[in-house]
Protein chains: 2
Amino acid sequence: MIIEEKSYCENSCANKCPCKEYCPLGSALKLIGGKWKIPILCALHQDGTTRYNELKRKINGITNTMLASSLKELENDGLVCRRQYDEMPVRVEYALTSACDDLIPILNQLAKWGSKVNSGEGSK
Amino acid sequence: MIIEEKSYCENSCANKCPCKEYCPLGSALKLIGGKWKIPILCALHQDGTTRYNELKRKINGITNTMLASSLKELENDGLVCRRQYDEMPVRVEYALTSACDDLIPILNQLAKWGSKVNSGEGSK
DNA sequence: CAGGATCCAGTTAGATACTG
DNA sequence: CAGTATCTAACTGGATCCTG
């Protein structure tokens, strides 16, 4: 084997891998999976605190259903925080939580890796 | 904003983010998305070169349909290489390609991040 | 304004049986 | 042994309309 680093399975699934019962890697990917989580996180990271309808405008093609449900999931997972101001009309703002501080650089690396793999293909 | 690092959107989607057209991060996640990609990569990383039926035994609950199609996708994406020996009966072996060298540490980080986030929840 | 409710379509995954 | 083919089930995402 080529990889010197300790197996990520040792870190995550102990010796239950391949993921027979519980896999932290799998559950991590669920947090940011689905069609809209990444665009939402991306928008919030770019622009900071953002209102609902502003998000909707920025994220091309998202529907109310998906934006609302994705935000709720992200909030429940602790990645996004929702703040409501009871003005008239109501104002609701969303922002990344500090749990995302470590996530962003990792996504960064993943994106770079993806670009590299996509470009250097067809080598079989 | 809390994050000092350069936005991953600058690295990946340029200024087309949030992912209006093409997003390297999104496409990277597609490569390892779906229910079985991670378990397969995980098994291959743990044990190195592995035969088809051996994989099937190790990955709890996977069906032929899913194993075959996932392996084919991974192969097309350049993450796994397939080697066929025309003995009788046929022997086919799968292994990770060098494209995974960089991926494993990243997944490692993601898994750690996921564990941390999952444990430190309910802080809203 | 910021969503919720409802209904529908498409995609993804699984069961089962079969083949070179 | 290493898959394919077919059919079905489940889940994900979307359109539209509605509301405090």
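Reminder, nothing fancy here: chain letters follow the sequence lines and each chain counts from 1.
Proximity of residues 83-92 of chain A to DNA chain D (heavy atom under 4.0 angstrom from any strand atom) is not detected for any residue.
A 4.5 Å side-chain heavy-atom check between A:Asp101 and B:Trp113 finds every atom pair outside the cut-off. Contact annotation: the side chain of B:Leu71 never approaches that of B:Arg82 to less than 4.5 Å [non-hydrogen atoms, C-beta and beyond]. For the pair A:Lys56/A:Asn64, a side-chain contact is recorded, criterion being any heavy-atom separation below 4.5 Å from C-beta on. Put simply, the side chain of B:Leu79 reaches to within 4.5 Å of the side chain of A:Val117, judged on heavy atoms. Inter-residue side-chain proximity for B:Gln109 and A:Gln109 is flagged as met; some heavy-atom pair is nearer than 4.5 Å. A:Leu107 places a side-chain heavy atom less than 4.5 Å from the side chain of A:Ile38. The shortest side-chain heavy-atom distance between A:Leu44 and A:Leu55 falls under the 4.5 Å cut-off.
Applying side-chain contact (heavy atoms from CB on, under 4.5 Å) to A:Leu103 and the options A:Ile32, A:Thr97, A:Asn108, A:Leu31 leaves one that passes, A:Ile32.
Taking 4.0 angstrom as the limit, A:Arg51 places none of its side-chain polar atoms (N or O) nearer than this to OP1 or OP2 of C:dC1.
Here the nucleotide nearest the side chain of A:Lys72, chosen from D:dG3, C:dG4, C:dG3, is C:dG4. Across D:dG3, D:dA2, C:dG3, the shortest atom-to-atom separation from the side chain of B:Ala68 is found for D:dG3.
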Mind listing the N/O atom pairs, protein and nucleotides 14-16 of chain C, below 3.5 Å?
unit_1, atom_1, unit_2, atom_2, d
C:dG14, OP1, B:Lys35, NZ, 2.6
C:dG14, OP2, B:Trp36, NE1, 2.6
C:dA15, N6, B:Thr65, OG1, 3.0

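Using a 4.0 Å cut-off between charged nitrogen and carboxylate oxygen, B:Lys112 and A:Asp102 do not count as a salt-bridge pair.
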Could you walk me through whether B:Leu96 and B:Val80 pass the side chain to side chain contact (heavy atoms under 4.5 Å, CB included) check?
CA-CA 4 Å; B:Leu96 298 184; B:Val80 157; 4.2 Å; yes
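Two end axes, each from the C1' atoms of five base pairs, can be drawn for the helix from C:dC1-D:dG20 to C:dG20-D:dC1; they diverge by 50°, to 10 degrees.
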